[in-house]
Amino acid sequence: MYVKQISVFLENHKGTLAKITQLLGENGIDLIALSIADTEQYGILRCIVPNAQKATQVLRDAGYSVRETQVLAVCVEDEPGGLGNILNALMAADISVEYLYSFVRSTGKYAMVIFHLDNIAAGESVLREKGVKLLDLEQIRQL
Amino acid sequence: MKQAINRIWNPEMECMDIDVRREMQSQKLRETVKRVYDNVEMYRSRMIDAGITPDDIKTVDDLSKLPFTDKPDLRDQFPYGLFASPRKDIVRIQGSSGTTGMPIVSGYTQQDIDDWTEMVTRSVAAAGGSDEDIVQVTYGYGLFTGGLGLHQGASNVGAMVVPMSSGNTVRQINMMKGLGVTMIGCTPSYALHIGETIREMGLDIKDFKLKAGIFGAEPWSDNIRNRIEDLLQIDALDIYGLTEICGPGVSFECLEKVGMHVNEDFVIPEIIDPDTLQPLPYGELGELVFSTIGKQGMPMLRYRTHDLCRLHPEKCACGRTTVRMERIIGRTDDMLIIRGVNVFPSQVETVLTNIRGVSPHFLMVVDREGSTDRLEIQVEVTEEMMGDTISAMQVLQKEIGEKVKSTLGVAARIKLVDPKTIPRFEGKARRVTDNRIL
């Protein structure tokens, strides 16, 4: 149960982020979750949107370099140690977290966190065995 | 891939014993020097200033006594100042606009046209061309020598010529496929564009009959050659020339692809040190200089091309004995000296096209911090280069940086920039911004 994430290369200029979010907005694309990794020169915007294909097309047409990646949308218990439990389970299975970021939205009891793992399939089974709730895109949209 | 066959159009001239050729060159050089001394004021006064008369030029070895000719001379002498034949004997004008806007022209007698045709014919034959072939000429027709030059050569070999001129890629492709075109001539960048467009149109290259291409008028690399050969399933061969000398066909590649054979019975090439202007031995990198021998309308003595390359005299496996020119590595006016090292944009292009997925669109920015030169290379990020992590991008940046350093001999800061942000100019990209105040 993977979720498609899109990543966009952005040079570090004033207003770059405003420009891209405006572009998505104008095309009716909602940002469900996003994170930015950056260096002094450039950044990578990663986001989850309801329709990755459409977003990719819109961004490509506007001249951006876009890449799609599979990630897991994980329901993490919203209490102290909640995230720790999940990370420990992954670590025990020797799965590395390459990056993670949390959702803009959340659901009462759970915090929503996006995980990018070096081995997504193994990660999914580990989390399922632990009884961790994963969401698919449809469920995310419902949040 | 359809097989192109090595054909030598004029074995007598192309495979001539090198001593016999040298004798012939000396003879033709003497005639040319006399012709310009008698007919062209600029050459005569320069030779007088240099204290020499035509009698001082006896063999090819005396060539270095002659003064150089350079592009500004053609502008200053525009339109007819350098013509060595009466106006009534001139049957053709070709020219180029030049980057500064002032035109330069060259005049041809019928003999000059015939000689030029012979030179291009050898190139077409070397690419396997014969009367069995259908040659699509996609170089521009007009004052530019590319279109008419290749047209004449392909006609002379007996091929069926499709004079498309440049532009309208879809129409070019439809004609190529419909007529069963076997050979094509255009710039290497346009050949790439045609190949990519064939793919985008969803056509299968197996349905085309192309076997070889003759590509010139701009510098390219073996990587570009490989891409063209892969896309079009052909042998992609290089051709070199310049309007001042005659046009395409000054030198051309054979199927061995080990440099371009100079048509030495019509031109004498030299390599000089662009700073000291002294001749350099075979094998050394320097500026290419040509003297025409036998040309009537507008002979050129020691014309400085400002193109940098090497010459190799060893006999080629194809059987030709003519000296071979390596690809042009750059222009003397493109050459950057960074921290004392000579650097050419073409080297950066080679490095970038060698790394999978990396965009060949780049800009070199040179600054001086204190007394140290600093080179930054901006590279556009393509989707193939995109990672979703910073570390993946940094690995790529580091790889580019290391390869640049080992190829150029100077370190550069690699800056990744947004796609399509480096300005593109028609055909030729501007690849250098030098901010140093020297």
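In this text the structure is predicted, and so the values were computed from the model without any measurement. We use all heavy atoms of the structure for the numbers below, so side chains are in, but hydrogens, waters and symmetry mates are not.
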Close side-chain approach of A:Tyr42 and B:Ile390, heavy atoms under 4.5 Å: yes
For the student: nearest non-hydrogen atoms of A:Thr39 and B:Gln394, plus distance: CG2-NE2, 3.8 Å
Sub-4.5 Å side-chain heavy-atom contact between B:Asp388 and A:Glu98: no
A:Gln53 atom CD: more than 12 heavy-atom contacts under 6.0 Å: no
Contact class of A:Gln5 relative to chain B, heavy atoms under 4.5 angstrom: side chain
CA sep, side-chain torsions, deciding dist, call: B:Arg413, A:Gln41, side-chain contact (heavy atoms from CB on, under 4.5 Å): CA-CA 11 Å; B:Arg413 190 174 91 120; A:Gln41 287 176 20; 3.5 Å; yes
Region of B:Met393 in contact with chain A, defined by heavy-atom distances below 4.5 Å: both
side-chain contact (heavy atoms from CB on, under 4.5 Å) assessment of A:Glu11 paired with B:Leu416: CA-CA 8 Å; A:Glu11 246 188 278; B:Leu416 301 177; over 6 Å; no
Considering all heavy atoms, the nearest B:Pro419-A:Gly63 contact: CG-O, 3.3 Å
Part of A:Tyr99 within contact of chain B (heavy atom distance under 4.5 Å): side chain
Heavy-atom closest pair, residues B:Met386 and A:Ser7: CE-O, 3.5 Å
Structural part of A:Leu45 lying under 4.5 Å from a heavy atom of chain B: neither
Neighbour count above 12 (heavy atom, 6.0 Å) for B:Arg225 CZ: yes
A:Asp38 versus chain B, the contacting section by heavy-atom distance below 4.5 Å: backbone
Heavy atoms from other residues, nucleotides or ligands near CG of A:Asp94 exceed 12 (cutoff 6.0 Å): no
